[in-house]
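See below for the structure under consideration.
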Amino acid sequence: MPKPVIAIVGRPNVGKSTIFNRIIGERVAIVEDIPGVTRDRIYGSSEWLNQPFDIIDTGGIDIGGEPLLQQMREQAEIAICEADVILFLVNGKEGITTADEEVAKLLFRSKKPVVLAVNKIDHVKQRQNIYEFYSLGFGDPIPVSGAHGFGIGDMLDELINHFPKAVEEEEYDDHVIRFSVIGRPNVGKSSLVNAFLGEERVIVSDIPGTTRDAIDSTFTKNGQEYVIIDTAGMRKRGKVYETTEKYSVLRAMRAIERSDVVLVVLNAEEGIIEQDKKIAGYAHDAGRAVIIVVNKWDAIRKDQKTMQTFEQNVRDHFQFINYAPILFVSAKTKQRLHTVLPMVQTVADNHALRIRTNVVNDVIMDAIHMNPAPTNKGKRLKINYATQAGVKPPTFILFVNDPELFHFSYRRFLENRLRETFGFKGTPIRIIARKKNE
Ligand code: GDP
Ligand code: GDP
C-alpha cells in the first residue's frame, strides 16, 4: 500500500532541512544507507501516531543554476506532483516576502491540501509574528521552532489530518504483474514502453495515479495482465523532470516501490555508470525482481565475442544482483524485444514462488549435512527448522540456537543451495535467522 507523502516547500533558509531532520529523527541513519537521493537527505520515512508516511525536502532538490524564484517554482511544482499534503514553511523572524507570495499562488492553484507553518518562533513572545501570515490564505498558521523542537507535534497532527482518508489500495489484483522501466535519461525507456504497448495492439487505459501523477498503462498479453508503471512518460511532462537528476532518482524509487519487477535499462552505446548501479541497488534493497535490459544493441559494432564481453562487464558491475537475467535488445529494430515480457513473467513467478515447508526443510537439512556451519569460538550454528515465511521476495526463516552465529558466508552458501534447487532467477531472496524459542 502506498504511503502518504508530505513535501516541504519554502524559500531558502526558512528551516526546511532543520524541520525535515526533526521529523525523520533518528531514522535518518537508516535511510542514509540506501543509495541515491536519500544519501543527500531529501527523502525519508517516518511515522506519527502509528501513521507511516514519506517526506520530501524539496529544498534539497538541485534545480541547477537558475534564478531563485524559478528554482522555488520548480520545487513547488515537484511538491504538487508528488505529495498528498504540502508543508509550506515560512520564516517568522523575517515576515512575508514576495517569494512566499509567489509560492503561495502556485500552491493555491494546485488544490492540494497545504499546511502552513511559521518557523523560528523560538519564544512564546514571538508568537504574534504568525498573524501576518494569515494573508497567505492557508488558514491558521502553526508556530514552530525547528531549532528547539517546539510545535512539531501540533504540525504533524495537522498534516496527518489532511492525508487521504483511506489510502486507496492499489487497484490491481494480485495476479497482475506490475513492472517499471528504470534508467537514466536517453537509454530508451520511452521507446521500450511504446514498443511493449504499441506492438501488442493493447487496450491502453491510462489510470492517472491518484496522487503520484504516475501513468499506469495496463495491457494483456498471452492471457497475462501487466501494468507498466511509467516514469518515462511523467518525465516528459515538464522541464523539471528533464533537468533534475536527483528528482529523477527520487521518482524512480517511488516507481520501484510500486513494482513487482524492475527493468533496469542500460545503453549499449554508453556502458555502465554509477547511477545505474544506484538504481539497481535500490531495487534489490526494496526486494523487487530485477531484469537488466541492455538497449540499443543495434547501434554498436559486434563480433562473436561482443555480447559475451558486455555480459561479463555487466556482471562485474552488478555483482550484488547476480541473479538478474540480462537481455540484449533494440527498441528501434525490435530485436529480441519479444523475449522481454516472457522474462518479466518468469521472474515475477519466481518472486511470488512459495515452497512447501517440508521441501524447504529437506533442502536446508541436506545442505547442512553436506557442509556444516563452521564453528565460532567453540560454538556452532544449529538450524532446527526452516520455513518460508513470505513471498515478494521469497523470505525464509531459520530457527537456530544463536542468530549471531549465522554469518554472511554461510548465508550465501544456503542461498546458493536454495537457488540451485528452486531456481529463483531474477528475484532476491531473504534468509533470516531467529532464535529457536522466539
Ligand atoms: P532551509 O534552507 O529552508 O532548508 O533552511 P535550514 O534548515 O538550512 O535553516 C536555515 C537556518 O535557519 C539555519 O542556520 C538554521 O540553524 C536556522 N533555523 C532553522 N530552524 C530554526 C528555528 O526554529 N529557530 C531559529 N532561530 N533558527 C532556525
Ligand atoms: P528515455 O529518455 O530513456 O525515455 O529514452 P527515449 O526512449 O526517449 O530514447 C532516447 C533516444 O534513443 C531516442 O532518440 C531514441 O530514438 C533512441 N533509441 C531508443 N531505443 C533505441 C535503440 O534500441 N536503438 C537505437 N539506435 N536508438 C534508440
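As the structure lists them, so they are numbered: ligands from 1, and atoms in each ligand from 1. Numbering of residues begins at 1 and proceeds along the displayed sequence.
- Phe320 pairs by the ring pair (Phe, Tyr, Trp, His ring centres under 6.0 Å) definition with nothing, not counting sequence neighbours.
- At under 3.5 Å, a nitrogen or oxygen of Asn295, whether backbone or side chain, sits near a nitrogen or oxygen of ligand 2.
- Salt bridge Lys16/Asp57: absent, no basic N to carboxylate O contact under 4.0 Å.
- Within the structure, side-chain hydrogen bond (donor to acceptor under 3.5 Å, both in side chains) pairs that include any residue of residues 313-325 comprise His284-Tyr323, Gln312-Asp316, Asn313-His317 (at least two apart or interchain).
- Those atoms of ligand 2 that come under 4.0 Å of a heavy atom in Lys189, given as number and element, are 1 (P), 2 (O), 3 (O), 4 (O), 5 (O), 7 (O).
- A salt bridge links Glu415 with Arg419: the distance from a Lys NZ or Arg NE/NH1/NH2 to an Asp or Glu carboxylate oxygen falls below 4.0 Å.
- Under the side chain to side chain contact (heavy atoms under 4.5 Å, CB included) criterion, Arg336 pairs with Trp297, Met307, Phe328, Val329, Thr339, sequence neighbours left out.
- Classification of the Tyr131-Tyr134 ring pair by plane angle, with boundaries at 30° and 60°, yields parallel.
- At most 12 heavy atoms of other shown residues, nucleotides or ligands fall within 6.0 angstrom of atom NZ in Lys425.
- Considering backbone and side-chain N/O atoms, Ala299 never comes within less than 3.5 Å of an N/O atom of ligand 2.
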Please produce the table of protein N or O atoms sitting under 3.5 Å from N or O atoms belonging to ligand 1, one pair a line, distance to 0.1 Å.
{"unit_1": "ligand 1", "atom_1": "2 (O)", "unit_2": "Asn13", "atom_2": "N", "d": "2.7"}
{"unit_1": "ligand 1", "atom_1": "3 (O)", "unit_2": "Asn13", "atom_2": "N", "d": "3.3"}
{"unit_1": "ligand 1", "atom_1": "3 (O)", "unit_2": "Val14", "atom_2": "N", "d": "3.2"}
{"unit_1": "ligand 1", "atom_1": "3 (O)", "unit_2": "Gly15", "atom_2": "N", "d": "3.0"}
{"unit_1": "ligand 1", "atom_1": "3 (O)", "unit_2": "Lys16", "atom_2": "N", "d": "2.8"}
{"unit_1": "ligand 1", "atom_1": "3 (O)", "unit_2": "Lys16", "atom_2": "NZ", "d": "2.8"}
{"unit_1": "ligand 1", "atom_1": "4 (O)", "unit_2": "Lys16", "atom_2": "N", "d": "3.3"}
{"unit_1": "ligand 1", "atom_1": "4 (O)", "unit_2": "Ser17", "atom_2": "N", "d": "2.9"}
{"unit_1": "ligand 1", "atom_1": "5 (O)", "unit_2": "Gly15", "atom_2": "N", "d": "3.0"}
{"unit_1": "ligand 1", "atom_1": "7 (O)", "unit_2": "Ser17", "atom_2": "N", "d": "3.3"}
{"unit_1": "ligand 1", "atom_1": "7 (O)", "unit_2": "Ser17", "atom_2": "OG", "d": "3.1"}
{"unit_1": "ligand 1", "atom_1": "7 (O)", "unit_2": "Thr18", "atom_2": "N", "d": "2.9"}
{"unit_1": "ligand 1", "atom_1": "7 (O)", "unit_2": "Thr18", "atom_2": "OG1", "d": "2.6"}
{"unit_1": "ligand 1", "atom_1": "8 (O)", "unit_2": "Ser17", "atom_2": "OG", "d": "3.4"}
{"unit_1": "ligand 1", "atom_1": "12 (O)", "unit_2": "Lys120", "atom_2": "NZ", "d": "2.8"}
{"unit_1": "ligand 1", "atom_1": "20 (N)", "unit_2": "Asn119", "atom_2": "ND2", "d": "3.1"}
{"unit_1": "ligand 1", "atom_1": "23 (O)", "unit_2": "Asn119", "atom_2": "OD1", "d": "3.2"}
{"unit_1": "ligand 1", "atom_1": "23 (O)", "unit_2": "Asp122", "atom_2": "OD1", "d": "3.4"}
{"unit_1": "ligand 1", "atom_1": "23 (O)", "unit_2": "Ser145", "atom_2": "OG", "d": "3.2"}
{"unit_1": "ligand 1", "atom_1": "23 (O)", "unit_2": "Gly146", "atom_2": "N", "d": "2.9"}
{"unit_1": "ligand 1", "atom_1": "23 (O)", "unit_2": "Ala147", "atom_2": "N", "d": "3.0"}
{"unit_1": "ligand 1", "atom_1": "24 (N)", "unit_2": "Asp122", "atom_2": "OD1", "d": "2.9"}
{"unit_1": "ligand 1", "atom_1": "24 (N)", "unit_2": "Asp122", "atom_2": "OD2", "d": "3.2"}
{"unit_1": "ligand 1", "atom_1": "26 (N)", "unit_2": "Asp122", "atom_2": "OD2", "d": "2.7"}

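- Short contacts between ligand 2 and Asp298, defined as distances under 4.0 Å to a heavy atom of the residue, involve ligand atoms 22 (C), 23 (O), 24 (N), 25 (C), 26 (N).
- Gln75 and Gln71 share no donor-acceptor pair across their side chains, judged by distance under 3.5 Å alone.
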